[in-house]
Amino acid sequence: MPKPVQKDEIVALLEEIGTLMRLAGENDFRAMAFDRAARTLENLNDDINKYIEEQTLTDLKGIGKSIASDVYAYAETGSVPVLVKLRKQVPDGLIAWLGISGMGPKKIYKIHKELGITEIAELKEKCKDGSVAALSGMGEKSAEKILKSVAWMEEFSERCRIDEATAVAELFVEKMKDADGVREISVAGSLRRASETIGDIDILIAAEEKDAPALMSRFTGLDGVKEVLGQGETKSSVRSNEGRQVDLRIVSPDHYPAALMYFTGSKEHNVALRQRAREKKLQLNEYGLFHQNEEKQADFDRPLPVKSEADIYRHLDLGYIPPELREDHGEFELVSGGEVPELVELSDLRGILHAHSTWSDGKRSIREMAEACMERGYEYLGLTDHSHTAAYAGGLSIERVRQQWEEIDALNREFADKGKDFVILKGIESDILADGRLDYPDDLLAEFDLVVGSVHSGLDHPPEKMLDRLMRAAAHQHIHLIGHPTGRLLLRRDGNKADLNRLIEHAAEHKTAIEINANPWRLDLDWRYGRKARECGLMSAICPDAHDISGLDHVRYGIGIARKAGFGAGRILNTKPLGELKKWLSK
DNA sequence: GCCGTTTTCGGCCCGACTGTTTTCAGTCG
């Protein structure tokens with residue numbers, strides 16, 4: 001009997017095979033097949049064990065007989081022959097080399113083979129002593145470039161949080177947008193797609209050819225630039241003071257829509273679009289959409305009329321796909337009939353749910369938080385300080401809860417007297433205990449307007465136990481919202497591995513919502529569960545989890561994730577006006 | 001390695017930039 005496997009381990013397994021194949025100099029298409037299979041499984045909402053037991057993995061797109069039998073072998077024996085062989089052939093240390101920018105599988109394998117080294121420390125030595133430069137196809141500059149990249153890699157992590165990337169991108173856009181010749185400017189890449197972490201920052205400008213050289217020089221000479229990595233006529237790359245790579249592309253205004261789509265990606269989305277274009281005897285590239293010539297290549301004399309990204313999708317019989325959805329993660333099914341998915345927008349938010357004050361670990365008083373909400377045009381604040389179990393965060397005793405309610409009542413009376421259309425809701429972020437109970441008695445919980453249940457302790461419980469905890473909490477009669485379901489901290493700490501698909505089904509059944517925590521460290525619920533949430537009709541809320549006034553503005557990142565997950569305003573609690581929200585909360 | 005109502009063999013997205021090459025391979029997105 002095959003033993004149960006986790007989807008994640010299979011995905012990692014296939015990815016490793018693909019990576020090692022490239023490093024071993026295998027045919028790239030073969031390696032790509034493993035990557036594609038990994039993507040397919042990553043996007044799978046059903047239990048992978050069902051496919052293994054029934055031997056039906058080959059029903060999935062991109063998984064053929066060979067890869068299926070690799071997975072079956074793994075489930076049966078815990079190992080895969082091809083991977084065992086590859087691991088013997090390719091030393092561990094080489095995988096880290098892939099993080100060096102400018103180093104791909106070919107160069108890595110060549111250097112490894114010819115110099116007999118496997119560690120980055122050795123690579124640095126060989127760059128310095130001239131051995132690398134002496135290899136055919138390499139030179140002084142290659143060695144220098146490798147050393148520089150390694151230095152950067154050691155100083156900065158490859159990716160950063162979205163708030164960090166946003167700050168850098170906005171700075172560059174601000175300094176370029178009013179330059180002579182700029183017709184249009186936009187952020188592209190993973191930042192435009194609202195990915196939870198960002199590698200490079202892409203900026204696209206539409207300008208006439210004559211203006212491009214001056215714009216490129218302006219860009220590479222900006223204050224925020226620490227180092228110029230490359231400068232060409234249409235593309236330049238720099239390293240910012242913060243250590244982020246920023247790429248600028250300049251295209252003619254005619255090419256802008258196709259270029260914007262192209263550089264927004266994702267790569268997987270683009271590949272799928274290009275294949276779709278080919279099926280229609282069309283050719284899509286960064287310059288536009290073209291009819292094919294006899295050699296099945298773009299006939300640049302026969303472009304299709306394109307004034308916007310939406311036009312390109314229309315020519316391919318698709319509705320406009322908002323950037324956040326472009327991950328080849330089911331978005332094509334959403335727009336196959338030409339319809340456009342209605343996604344929640346920042347302006348839809350009517351209030352703030354899940355924020356802290358000085359009563360627990362927040363930095364501002366209730367009044368200050370409330371006034372900041374009013375300034376931002378919100379109608380309500382669901383204040384949720386920590387419950388008493390969270391002692392490290394100044395969690396509230398029952399007595400303190402009642403005192404806090406007096407303050408909230410007084411503030412609400414004051415706001416009403418002044419004719420302000422604003423209400424503070426009495427909420428709590430109640431710890432979910434090790435056995436899934438909440439940490440106040442039911443009669444107290446019943447009195448809150450809003451109960452958020454979150455796990456803050458026992459984060460390392462095994463997946464099954466964590467799922468039990470969360471499911472039990474989700475079924476609690478007084479809970480409204482599960483907070484940060486995995487507890488992850490991006491680029492720092494993995495979340496728990498509970499099966500969220502099951503939690504989502506269960507929560508939806510019990511009319512409990514799961515938040516999208518908008519704090520850029522968290523962005524949890526992960527957008528990848530959006531499809532499951534949609535199928536189950538799960539409700540969510542975009543929660544800043546604010547501990548300070550600036551934290552309130554993190555909802556912008558939550559909006560990005562909610563859109564990525566495919567949420568419309570109708571399934572986001574804090575788009576409801578106060579009356580409707582209260583009705584929902586009273587279930 | 002995967003895929004297919006034009007295909008079970010021959011494709012698999014494609015162009016810019018770099019560095020090392022006298023005509024292109026490797027990398028990147």
Side-chain angles (χ1 to χ4, degrees), chain A residues 14 17-18 21-22 25-40 57-71 82 97-111 132-146 148-149 188-193 198-204 212 216 228-237 245-251 255 258-259 261-279 281-290 292 295-298 300 328:
Chain A
L14 296 177
I17 295 175
M21 274 187 169
R22 285 197 177 82
E26 264 282 5
N27 179 330
D28 198 44
F29 292 115
R30 235 185 123 199
M32 251 161 52
F34 282 89
D35 287 345
R36 200 172 304 129
R39 291 291 78 74
T40 297
L57 271 176
T58 50
D59 291 352
L60 300 171
K61 196 181 117 210
I63 299 183
K65 268 161 103 176
S66 171
I67 290 182
S69 72
D70 288 342
V71 176
V82 63
W97 293 28
L98 284 166
I100 305 169
S101 95
M103 288 278 268
K106 298 269 166 36
K107 281 190 193 169
I108 292 173
Y109 195 67
K110 183 186 180 75
I111 294 175
V132 168
L135 297 175
S136 72
M138 311 285 282
E140 280 300 325
K141 284 206 172 174
S142 309
E144 241 174 71
K145 214 174 146 184
I146 292 171
K148 252 187 192 167
S149 297
S190 55
L191 191 52
R192 184 165 181 243
R193 298 199 312 276
I198 309 294
D200 302 340
I201 293 161
D202 296 294
I203 297 173
L204 184 68
M216 274 303 173
V228 179
L229 301 172
Q231 181 169 357
E233 285 172 26
T234 65
K235 177 196 167 183
S236 293
S237 295
Q245 184 174 328
V246 185
D247 295 344
L248 174 67
R249 326 257 177 168
I250 300 179
V251 300
H255 298 153
M261 172 183 271
Y262 183 80
F263 293 119
T264 296
S266 66
K267 206 164 128 185
E268 291 78 14
H269 180 85
N270 285 349
V271 167
L273 276 181
R274 279 158 186 254
Q275 275 163 353
R276 210 179 162 90
R278 288 175 74 96
E279 285 162 18
K281 304 253 187 283
L282 299 172
Q283 202 78 13
L284 180 63
N285 60 32
E286 63 214 80
Y287 299 110
L289 187 58
F290 303 90
Q292 282 183 348
E295 286 90 48
K296 291 196 167 177
Q297 285 173 342
F300 286 94
D328 195 15

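Labels below follow one simple rule: chain letters A, B, ... track the order of the sequence lines, proteins then strands, and each chain is numbered from 1. Predicted model only: the values in this text are computed from it and were never measured.
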Whole angstrom value for the distance that separates P of dC17(B) from CD of E286(A): 9 Å
Spacing of the C1' atoms in dG1(B) and dT8(B) (rounded, Å): 14 Å
Minimum-distance nucleotide to R278(A) side chain [options: dG29(B), dC13(B), dG15(B)]: dC13(B)
Presence of Y287(A) side-chain N/O under 4.0 Å of dA16(B) phosphate oxygens OP1/OP2: yes
Nearest-Å distance once atom C1' is located in both dT23(B) and dG29(B): 25 Å
Chi-angle category of dT7(B) [syn within 90° of 0, anti beyond]: syn
Atom pair distance, as rounded to whole Å: CG in N285(A) and P in dG15(B): 6 Å
Among dG1(B), dA16(B), dT18(B), the one nearest K235(A) by side-chain distance: dA16(B)
Length of the line joining R249(A):CZ and dC17(B):C1', which is rounded to integer Å: 10 Å
With a 3.5 Å cut-off and sequence neighbours excluded, list the donor-acceptor pairs that the side chains of residues 262-269 of chain A form with protein atoms.
unit_1	atom_1	unit_2	atom_2	d
T264(A)	OG1	R192(A)	NH1	2.8
T264(A)	OG1	L260(A)	O	2.6
S266(A)	OG	E268(A)	N	3.4
S266(A)	OG	E268(A)	OE1	3.3
S266(A)	OG	H269(A)	N	3.2
S266(A)	OG	R326(A)	O	3.1
H269(A)	ND1	E331(A)	OE2	2.7
H269(A)	NE2	Y313(A)	OH	2.9

Candidate pair I17(A) and V82(A), rule side chain to side chain contact (heavy atoms under 4.5 Å, CB included), full reasoning: CA-CA 8 Å; I17(A) 295 175; V82(A) 63; 4.0 Å; yes
Whole-Å distance separating the CZ atom of F29(A) from the C1' atom of dG11(B): 8 Å
Partner set under salt bridge (charged side-chain N to carboxylate O under 4.0 Å, His left out) for R39(A), not counting sequence neighbours: E15(A), E42(A)
Sugar-phosphate only, base, or nothing, as touched by D200(A) at under 4.0 Å among non-hydrogen atoms: sugar-phosphate
Nearest-0.5 Å distance that lies between atom CG in D200(A) and atom CG in L191(A): 11.5 Å
Could you write out each protein N or O paired with an N or O of nucleotides 4-6 of chain B at a distance under 3.5 Å?
unit_1	atom_1	unit_2	atom_2	d
dT6(B)	O4	K281(A)	NZ	3.2

Test salt bridge (charged side-chain N to carboxylate O under 4.0 Å, His left out) applied to K145(A) - qualifying residues, sequence neighbours left out: none
Nucleotide dG29(B), atom C1' - distance to CZ of R193(A) in whole Å: 10 Å
K141(A), nearest nucleotide to its side chain (from dC13(B), dC2(B), dG19(B)): dG19(B)
Integer angstrom distance from the C1' of dG11(B) to that of dT6(B): 14 Å
Rounded distance in Å between the C1' positions of dT7(B) and dC2(B): 14 Å
Summary of protein contacts for nucleotides 21-27 of chain B, nucleotide by nucleotide, where a base hit scores B, a sugar-phosphate-only hit scores S (4.0 Å, heavy atoms): -----SS
Opposite nucleotide pairing with dT8(B), Watson-Crick or G-U, both atom distances under 3.5 Å: none
Min side-chain heavy-atom separation I146(A)-W97(A) under 4.5 Å: no
Presence of Q275(A) side-chain N/O under 4.0 Å of dC13(B) phosphate oxygens OP1/OP2: yes
OP1 or OP2 of dG1(B) under 4.0 Å from side-chain N/O of R30(A): yes
Listed partners of D35(A) passing salt bridge (charged side-chain N to carboxylate O under 4.0 Å, His left out), at least two apart: R22(A)
A134(A): side chain to side chain contact (heavy atoms under 4.5 Å, CB included) partners, not counting sequence neighbours: none
Out of dC12(B), dG19(B), dG29(B), whichever nucleotide has its closest atom nearest the side chain of S142(A): dG19(B)
Side chain to side chain, N285(A) and R274(A), heavy atoms closer than 4.5 Å: yes
Between dC3(B) (P) and D35(A) (CG): distance, integer Å: 15 Å
I67(A) side chain, from C-beta outward: closest of dG15(B), dG29(B), dC2(B): dC2(B)
Sugar-phosphate only, base, or nothing, as touched by I63(A) at under 4.0 Å among non-hydrogen atoms: sugar-phosphate
Options dG15(B), dC13(B), dG29(B), nucleotide nearest the side-chain atoms of D202(A): dG29(B)
Nearest-Å distance for atom pair CZ/P, residues R22(A) and dC28(B): 12 Å
P gap between dG4(B) and dC13(B), integer Å: 14 Å
Nearest-Å distance for atom pair NE2/C1', residues H269(A) and dC13(B): 13 Å
Distance between P atoms of dG10(B) and dG19(B) (Å, rounded): 39 Å
Reported CD1-to-OG distance for the pair I63(A) and S69(A), which is rounded to 0.5 angstrom: 11.5 Å
Indicate every side-chain donor-acceptor pair of residues 229-236 of chain A with a distance under 3.5 Å to a residue at least two apart or in another chain.
unit_1	atom_1	unit_2	atom_2	d
Q231(A)	OE1	T220(A)	OG1	3.4

M21(A) vs D247(A), nearer the 5' end of DNA chain B by closest nucleotide: M21(A)
Nearest-Å distance once atom P is located in both dT20(B) and dT27(B): 14 Å
Qualifying residues under side chain to side chain contact (heavy atoms under 4.5 Å, CB included), relative to T58(A), sequence neighbours excluded: A68(A)
Upstream residue (5' side of DNA chain B) when Q245(A) and E140(A) are each assigned their closest nucleotide: E140(A)
Side-chain-base donor-acceptor pair under 3.5 Å for Y262(A) and dG29(B): yes
